[in-house]
Amino acid sequence: MDFNQRSWVLAFLGFMFLGGICKADGATHFYDFVLKETNFTRLCSTKSILTVNGSLPGPTITVQKGDTAFINVHNQGLYGLTIHWHGVKQPRNPWSDGPENITQCPIPAGTNFTYEIIFSTEEGTLWWHAHSDWSRATVYGAIIILPAANTTYPFATPDAQETLILGSWFKGDVMEIIKDALATRGEPNISDAFTINGQPGDLYSCSNETTYRWLVDFGKTYLFRVINAVMNEEQFFAIAGHNLIVVAQDAAYIKPITTPYIMITPGQTMDILVTANQTPSHYYIASTSFVDGHVKFHNGITTAILEYNGNYRTPSTTPFPTLPDHDDDTAAENFTKQVRALAGEDHPISVPLNISTTMYIAVSINKRICADSSCAGPYGNALSASLNNISFQTPSNSILQAYYGGNTNGVYSTNFPNIPPYFYNFTGDVANNTLYPSFGTRVRMINYGEGVEIVFQGTDIIESMNHPLHLHGFSFYLVGTGSGNFNHTTSPTTYNLVDPPEVNTIGVPKKGWAAIRFVADNPGVWFMHCHLERHASWGMDTVLIVRNGNTSESTIRGPPAHMPPCSNC
């Protein structure tokens, strides 16, 4: 019996011991992910990085809407970690969601764990990535969810498709970079390059021979799946000479947007139609930072090449797209404000109108006082971050396992506040007492079936900037955004309750607010956090726990027979 056969026999025995596999309407798929150190050469030097199956990016998971996938993760690396299936709702199955010490403890080196990934309403592009410290810098890949059998796209079927994943490359060891930053309490090192499908591209040293190339045929239309897996920067993205028609975001269809560029935050995915209708030649694909705060960031440009098939003279100069300036928040807003759900007969939406749970969450970068001003942050203090002035402390045990087992003592408390502890001019003259947050593992309990509205309020503490916030376990409706402080009387009158986009990651505007709505119909423990890794590491996170409903179909499924141990991690 070979490695794959043996691993799947053991995995199935575990699930059968639990009581069998949950019936799904669609097909069932099986993958083996082997985590291992692999040497890669980038930017003129070679280093060992953690990979899945030896590749960067890792393997693509391809399913149809409503399918189930079992992914057996074999950790042959040097340390424990987990995998998250970003944007997959995982109905009633938080056990396979993946964030470290939120829904599981790390998979120890030398062991394996099988995730059961349940696809439900998602259709389009999502992605998977490691969810332990900064290991996702090299452990990530695409998830392609095709239309269900006997259905099709809400647009003409494209001739072919291509996936581009934007990433970050660090010359140093990413785990040591964040470890050192947390030890000194200062800012972590910025990346040394951006990448497209693992390659930095022509504008970086020692990179032009390996630039990623996308071959196209004149006259054909391609479905272009773009994923932002960059660690700490939002991105502007464009293709020289070619319009982009954006047709989906976060695996939900939107009204088509024709645009010369997109702005995509870390965590987001976009499906884009590109027609090869220009003079056959080579054209640059390019992506660079959108950063509207006064913070350290990598300001390079990663490139790939769109190359037409056929016989033609190679251009002496390859056309380059026009990208907005790195701090052009007007360009970012001009794109994002166009995004609206398709909301058609075959792709309906259901925006909750009866709201019984409301939260108003201030999103802040903070400081922490250090004795003798001994830290590497501003004025010798430590850098931190918070939601409602609570800087999240990741526990040493799994919150889900503590909640499910009824033994929550010392793991978390249920007093995450619905509103900020202080009200002030969030986007103007902030009060000094908000500089220093409280620290703890505080969660918010929500009853099953409630209509939930969360307003995220950007603040000007330390530094104001756009924050990409991601909620596990749900797609939600972005019903409104605005500048300045949210006004509880007038701001809701601007909401779009007709065709708001259904997404899993949003950008909270610099010195502004964003309002989301969803129905709490997925019982479980669900992480909510900023998808800029340095902010998540500093504590810009919390957890929503949706209680069980009154039926078996509104109750968390039982745990797998084997979960990674919460000791010796």
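For the single chain, residues carry numbers from 1 onward in sequence order. The model shown is predicted, which means the values in this text are computed figures rather than measured ones.
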Main-chain N/O of Gly267 paired with Asn228 side-chain donor or acceptor, under 3.5 Å: no
Heavy-atom pair with the smallest gap, counting every atom of Ile118 and Gln90: N-OE1, 3.0 Å
Phe426 and Trp513 aromatic centres sub-6.0 Å: no
Option from Val498, Asn496, Leu497, Ile516 for which side-chain contact (heavy atoms from CB on, under 4.5 Å) with Val479 holds: Leu497
Ring geometry between Tyr140 and Trp127 (parallel below 30°, tilted from 30 to 60°, perpendicular above 60°): perpendicular
Sidechain-backbone polar pair: Thr542 side chain, Met528 backbone, donor-acceptor under 3.5 Å: no
Within 6.0 angstrom of Lys296 NZ, more than 12 heavy atoms from elsewhere: yes
Ring geometry between His472 and His84 (parallel below 30°, tilted from 30 to 60°, perpendicular above 60°): parallel
Distance flag, aromatic centroids of His488 and Tyr360, threshold under 6.0 Å: yes
Backbone of Thr394 reached by a side-chain donor or acceptor of Thr441 within 3.5 Å: no
Sequence neighbours excluded - salt bridge (Lys or Arg N to Asp or Glu O under 4.0 Å) pairs with any residue from residues 443-459: Glu453-Arg517
Aromatic plane relationship, Trp95 with Tyr404 - under 30° parallel, 30 to 60° tilted, over 60° perpendicular: perpendicular
Donor-acceptor pair, side chain of Ser96 and main chain of Glu116, under 3.5 angstrom: yes
His529 and His531 aromatic ring geometry - parallel, tilted or perpendicular at 30°/60° bounds: tilted
Parallel, tilted or perpendicular: ring planes of Trp128 versus Trp85, cut at 30 and 60 degrees: tilted
Asn522 side chain vs Lys89 backbone, donor-acceptor pair below 3.5 Å: yes
Shortest non-hydrogen contact from Lys510 toward Ser464: CE-OG, 3.3 Å
